[in-house]
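Being a predicted model, the structure only gives us computed values, none of them experimental. Just so we're on the same page: letters track the sequence lines, and every chain starts at 1.
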Protein chains: 2
Amino acid sequence: MNYSIQQAAQKLGLTPSALRYYDKEGLLPTLQRTDSGIRTFRETEIQWLGLICCLKNSGMPIQEIKHFMTLCLQGEDTCEERKEVLEKHKTEILDQMKVLSNSLNTVNYKIEHYKEIGIFHIDQEIGGADNVQSAS
Amino acid sequence: MNYSIQQAAQKLGLTPSALRYYDKEGLLPTLQRTDSGIRTFRETEIQWLGLICCLKNSGMPIQEIKHFMTLCLQGEDTCEERKEVLEKHKTEILDQMKVLSNSLNTVNYKIEHYKEIGIFHIDQEIGGADNVQSAS
DNA sequence: ATAAATGTTAAAGTTAACTTTAAGTCAAGG
DNA sequence: CCTTGACTTAAAGTTAACTTTAACATTTAT
């Protein structure tokens with residue numbers, strides 16, 4: 001079954017203009033058009049867009065997603081490089097999770113601090129768990 | 001001990017211009033100046049900047065950090081609201097971690113897929129773990 | 001004393017990822 | 001036939017979080 005741009009957008013939780021933007025940026029090279037120029041999204045594109053969302057939501061820039069797509073189109077020769085792209089992205093996801101985890105610790109400490117002590121000057125506000133990675 | 005803007009920036013892993021920007025946006029209302037107008041960062045500001053980095057790195061916008069700072073300056077009356085701000089931010093951190101975790105699963109699946117099968121068309125590329133949250 | 005380094009400001013520039021706008025085309029229903 | 005709604009494009013606008021620039025003041029080192 002095929003989808004109009006609006007249907008595809010709804011299915012993916014995106015907007016039609018975002019899909020047009022991705023297309024313009026070269027992220028959807030397999031997309032078909034009707035004779036009159038209207039985009040038709042097949043399951044293939046829907047699923048590829050699902051991966052795009054996955055990579056995008058975890059911080060991969062559009063241009064790098066495009067690079068990955070380009071590698072996919074080039075066939076098996078690019079297998080190693082594609083895997084490297086994903087491995088690199090994996091470490092970036094893990095780094096992000098670490099940052100979030102540290103921040104969560106700090107925020108949790110502060111929330112507990114409020115519960116137990118109940119005195120809230122800026123001097124208390126700025127104390128507590130240390131979340132700065134010193135660059136010295 | 002006090003710090004110049006460059007020393008403070010280094011200690012926090014930021015740039016001097018970023019610190020000036022934060023100051024301009026009202027994130028550093030306690031910051032002192034010399035008679036000639038040069039900023040001097042005390043431990044107080046360094047630690048508050050540590051919290052700013054923590055909140056910023058976990059996705060809180062500058063304007064909301066400023067709001068939080070404003071509440072801190074207003075004294076104990078704003079205790080409940082400050083706690084609510086942190087609780088809300090906590091759920092946003094947890095949401096982000098969930099998104100990253102889903103993406104990590106997908107990426108891991110793909111990496112394994114490469115290892116085991118070794119055939120890499122776009123049709124394989126777009127299959128695999130599902131990472132789209134349908135909006136239907 | 002003077003040159004280099006560091007500080008200041010306001011204002012303009014940057015970047016990513018879209019969104020909005022304007023002007024036009026196309027398909028379906030009454 | 002003609003209106004309505006969905007589609008198209010190119011180009012300009014948006015937003016956040018800075019950075020860069022330019023012009024100038026001050027501090028430090030020689």
Side-chain angles (χ1 to χ4, degrees), chain A residues 1-29 31-42 45-46 48-69 89 92 96 99 103 135, chain B residues 2-28 31-42 45-46 48-69 89 92 96 99 103 135:
Chain A
M1 187 211 174
N2 290 352
Y3 301 89
S4 71
I5 196 167
Q6 202 163 81
Q7 290 167 332
Q10 180 149 19
K11 204 163 168 64
L12 291 153
L14 299 171
T15 60
S17 63
L19 291 177
R20 290 196 193 98
Y21 171 69
Y22 295 158
D23 187 21
K24 198 169 117 190
E25 292 298 308
L27 262 57
L28 301 170
L31 194 62
Q32 307 290 302
R33 304 265 191 146
T34 67
D35 287 348
S36 57
I38 290 177
R39 294 173 180 87
T40 58
F41 293 77
R42 298 166 298 178
E45 280 84 29
I46 299 294
W48 169 248
L49 278 165
L51 182 56
I52 288 175
C53 287
C54 161
L55 297 175
K56 181 183 64 90
N57 292 340
S58 51
M60 187 183 284
I62 298 292
Q63 286 313 306
E64 196 174 335
I65 297 175
K66 180 185 174 175
H67 176 225
F68 184 71
M69 164 51 107
H89 186 58
E92 275 159 22
Q96 281 186 76
V99 169
S103 293
Chain B
N2 290 351
Y3 301 88
S4 71
I5 197 166
Q6 201 163 84
Q7 289 167 332
Q10 180 149 19
K11 204 164 168 61
L12 291 152
L14 299 171
T15 60
S17 63
L19 291 177
R20 290 194 194 99
Y21 170 71
Y22 295 158
D23 187 19
K24 198 168 116 192
E25 292 298 307
L27 261 57
L28 301 169
L31 195 61
Q32 309 289 302
R33 304 264 192 147
T34 67
D35 287 348
S36 58
I38 290 177
R39 295 171 180 87
T40 59
F41 293 77
R42 297 166 299 180
E45 281 83 30
I46 298 294
W48 168 249
L49 278 165
L51 182 56
I52 288 175
C53 288
C54 161
L55 297 174
K56 182 183 63 90
N57 291 340
S58 51
M60 186 182 284
I62 298 292
Q63 287 312 307
E64 196 174 335
I65 298 175
K66 179 182 175 176
H67 176 225
F68 185 71
M69 165 50 108
H89 186 58
E92 275 158 22
Q96 282 186 75
V99 168
S103 293

Please report, rounded to the nearest Å, how far the [atom2] atom of [N] is from the [atom1] atom of [X].
{"X": "Phe41(A)", "N": "dA6(D)", "atom1": "CZ", "atom2": "P", "value": "16 Å"}
{"X": "Leu27(A)", "N": "dA16(C)", "atom1": "CG", "atom2": "C1'", "value": "13 Å"}
{"X": "Leu28(A)", "N": "dT8(D)", "atom1": "CG", "atom2": "P", "value": "12 Å"}
{"X": "Arg20(B)", "N": "dT21(D)", "atom1": "CZ", "atom2": "P", "value": "14 Å"}
{"X": "Ile52(A)", "N": "dA17(C)", "atom1": "CD1", "atom2": "P", "value": "12 Å"}
{"X": "Met60(B)", "N": "dA17(D)", "atom1": "CE", "atom2": "C1'", "value": "16 Å"}
{"X": "Asp23(B)", "N": "dG7(C)", "atom1": "CG", "atom2": "P", "value": "14 Å"}
{"X": "Gln7(B)", "N": "dG7(C)", "atom1": "CD", "atom2": "C1'", "value": "13 Å"}

Closer than 3.5 angstrom, by distance alone: can the side chain of Gln10(A) be matched with the main-chain N or O of Gln7(A) as a donor-acceptor pair?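 No: the side chain of Gln10(A) does not pair with the backbone of Gln7(A).
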Quiz item: Do Glu64(A) side-chain atoms and Pro61(A) backbone N/O form a donor-acceptor pair below 3.5 Å?
Solution: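 Judged by distance alone, no pair lies under 3.5 Å.
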Looking only at the side chain of Ser4(B) (C-beta and beyond, no hydrogens), which of the listed nucleotides dG7(C), dT8(C), dT8(D) gets closest?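 The listed nucleotide nearest to Ser4(B)'s side chain is dG7(C).
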Using a 4.0 Å heavy-atom cut-off across all strands, classify Glu25(B) as base, sugar-phosphate, or nothing.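 Nothing: the residue Glu25(B), judged by heavy atoms under 4.0 Å, touches no strand.
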- Message: Just to be sure I understand the rule, does Arg39(B) reach a base, reach only the sugar-phosphate, or reach nothing, if contact means heavy atoms closer than 4.0 Å?
- Response: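 Contact class for Arg39(B): sugar-phosphate only.
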State, yes or no, whether a side-chain contact exists between [X] and [Y] at a heavy-atom distance under 4.5 Å.
{"X": "Glu25(A)", "Y": "Tyr21(A)", "value": "yes"}
{"X": "Lys56(B)", "Y": "Leu14(B)", "value": "yes"}
{"X": "Ile65(A)", "Y": "Tyr22(A)", "value": "no"}
{"X": "Gln96(A)", "Y": "Gln96(B)", "value": "no"}
{"X": "Trp48(A)", "Y": "Met69(A)", "value": "yes"}

* Which atom names give the shortest non-hydrogen contact between Ala8(B) and Ile46(B), and what distance separates them? ->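 Heavy atoms only, the tightest pair is CB-CD1, 3.8 Å.
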Taking all non-hydrogen atoms of both residues into account, name the closest pair between Cys54(A) and Ser103(B) and its distance.
->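 Nearest pair, atom of Cys54(A) first, then Ser103(B): O-OG, 3.0 Å.
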Produce the list of close N/O pairs, under 3.5 Å, pairing protein atoms with atoms of nucleotides 28-30 of chain D; give distances to one decimal.
none

Residue-phosphate contact under 4.0 Å: Gln6(A) side-chain N/O, dC7(D) OP1/OP2: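 Yes, within the criterion.
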Within the pair Arg33(B) and dT9(C), is there a side-chain N or O less than 4.0 Å away from OP1 or OP2?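 Affirmative; the distance criterion is met.
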Letter by letter from the 5' end, nucleotides 18-28 of chain C scores (B base, S sugar-phosphate only, - none; protein heavy atoms under 4.0 Å) BBB-----SS-
